[in-house]
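Reminder, nothing fancy here: chain letters follow the sequence lines and each chain counts from 1.
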There are 2 protein chains.
Amino acid sequence: MKLKIKDEISEGTASRVAELFNALSDTSRILLLVALLHHERNVGSLAEMARISESAVSHHLRNLRLLHLVRARKQGRQVFYRLDDDHISDLIRSGLDHVQHG
Amino acid sequence: MKLKIKDEISEGTASRVAELFNALSDTSRILLLVALLHHERNVGSLAEMARISESAVSHHLRNLRLLHLVRARKQGRQVFYRLDDDHISDLIRSGLDHVQHG
DNA sequence: AAATTATATGAATATTTGTTCATATATCAA
DNA sequence: TTGATATATGAACAAATATTCATATAATTT
């Protein structure tokens with residue numbers, strides 16, 4: 001079902017939307033989030049997949065956590081991350097879709 | 001229909017997805033794009049709605065045009081902009097939706 | 001307890017980028 | 001043609017930010 005959306009929104013709302021998309025506006029973070037589309041993964045595994053240092057991954061995950069895009073689960077000394085909800089994966093899928101086909 | 005997406009993509013693909021979302025990662029550009037959700041509008045009207053200078057609007061529109069997010073139509077000395085396709089409005093709607101409800 | 005492993009954090013740096021200002025181009029009016 | 005209007009563009013500056021490096025914390029192993 002497609003909701004109707006006013007063609008004028010508050011600057012505050014616009015700013016929050018921008019903030020959300022901004023979290024998706026970095027190559028490394030896209031690699032991280034795509035890696036989380038199906039399974040949860042720990043930081044080390046994510047670092048490998050995005051080919052950046054674990055420190056860099058940790059910084060990214062912190063931002064993603066603050067925006068509620070990912071959730072953390074600690075198990076022993078590892079921390080497993082997963083996408084916070086289905087809406088996030090839909091957004092990522094839409095972006096991928098737009099780039100690959102449409 | 002939900003497509004299955006591999007949980008590992010090339011860095012090139014990730015970079016293009018990031019570039020797409022990056023275009024949506026600025027408050028002014030969100031205000032501009034939301035203003036275009038229903039009607040096409042000229043630059044002056046867009047500047048009013050986003051409350052930034054026409055020059056700033058023009059710079060933003062240039063980037064959005066290069067990424068094929070908006071299309072321009074010249075009529076007399078005015079230039080009317082509209083969203084390039086439905087996929088774009090879906091993305092914006094999803095972002096708004098995520099911020100306002102979900 | 002000491003050493004090792006996994007992750008987090010703060011500071012510093014380099015790069016990117018949004019806006020402004022000045023100026024350019026194009027179209028219309030007088 | 002001259003002047004006014006609408007939009008575009010380039011340079012410059014300030015602000016935001018991704019990564020690295022060094023260090024900290026927490027959990028496990030020896």
message = Would Asn22(A) and Ser25(A) count as a side-chain hydrogen bond (donor to acceptor under 3.5 Å, both in side chains) here? Give the steps.
response = CA-CA 5 Å; Asn22(A) 189 50; Ser25(A) 71; 3.3 Å; yes
key: Protein-nucleotide distance (Asp26(A), atom CG; dT16(C), atom P), rounded to Å   = 12 Å
query = Which listed nucleotide (dG18(C), dT9(D), dT9(C)) is nearest to the side chain of Ser55(A)?
reply = dT9(C)
remark   = In whole angstroms, the gap separating P of dA15(D) from CG of Asn22(A) amounts to 18 Å
remark   = From the candidates dA6(D), dT19(D), dT20(C), the one with an atom nearest any side-chain atom of Gln78(B) is dA6(D)
message = Both Gly44(B) and Ser25(A) contact DNA chain D. Which one's nearest nucleotide lies toward the 5' end?
response = Gly44(B)
inquiry  = So Tyr81(B), base contact, sugar-phosphate only, or nothing? Heavy-atom distance under 4.0 Å.
reply    = sugar-phosphate
ask   = Asn63(B) CG to dT9(D) P: how many Å, rounded?
value = 11 Å
task = Take atom CD1 of Ile52(A) and atom P of dT7(C), then tell me their distance rounded to the nearest Å.
result = 14 Å
message = What is the separation between atom CD on Glu54(B) and atom P on dA26(C), rounded to the nearest whole Å?
response = 18 Å
task = Report the nucleotide, chosen from dT7(C), dG18(C), dT9(C), that has the shortest atom-to-atom distance to any side-chain atom of Arg65(A).
result = dT9(C)
query = Do Leu67(B) and Leu31(B) belong together in a cluster built from hydrophobic side chains that touch within less than 4.5 Å?
reply = yes
key: Cluster overlap Met49(A) with Val43(A), hydrophobic side-chain contacts below 4.5 Å   = no
ask   = Do the side chain of Arg77(A) and the base of dT7(C) come within less than 3.5 angstrom through a donor-acceptor pair of N or O atoms?
value = no
Most 5' of Arg29(B) and Arg62(A) on DNA chain C, judged by nearest nucleotide = Arg62(A)
request  = Go through dA8(D), dT19(D), dA29(C) for me and flag the one nearest to the Ser28(A) side chain.
outcome  = dT19(D)
ask   = Can Asp86(B) and Ser89(B) be counted as having a side-chain donor-acceptor contact under 3.5 angstrom?
value = no
request  = Measure from CD on Glu11(B) to C1' on dT19(D) and round the result to the nearest Å.
outcome  = 14 Å
key: Stacking of His59(A) on dT9(C) base (centres under 5.5 Å, planes under 30°)   = yes
query = Rounded to the nearest Å, what distance is computed from the CG atom of residue Leu64(A) to the P atom of nucleotide dT9(C)?
reply = 14 Å
Flag, side chain of Arg29(A) to backbone of His60(A), donor-acceptor distance under 3.5 Å = no
query = Distance check: side-chain N/O of Ser53(A) vs OP1/OP2 of dT19(D), anything under 4.0 Å?
reply = no
task = Say whether, by atom type as modelled, one donor and one acceptor occur between the side chain of Ser94(B) and the main chain of Asp90(B) under 3.5 angstrom.
result = yes
query = Looking at dT9(D), dT28(D), dT20(D), which one has an atom nearest to any side-chain atom of Ser58(B)?
reply = dT9(D)
Out of dT20(C), dT19(C), dA18(D), whichever nucleotide has its closest atom nearest the side chain of His60(A) = dA18(D)
request  = Find which nucleotide of DNA chain D each of Gln75(A) and Ala56(A) is nearest to by heavy atoms, and output the residue with the more 5' nucleotide.
outcome  = Ala56(A)
Euclidean distance, atom CG of residue Leu46(B) to atom P of dA6(D) [Å, nearest integer] = 14 Å
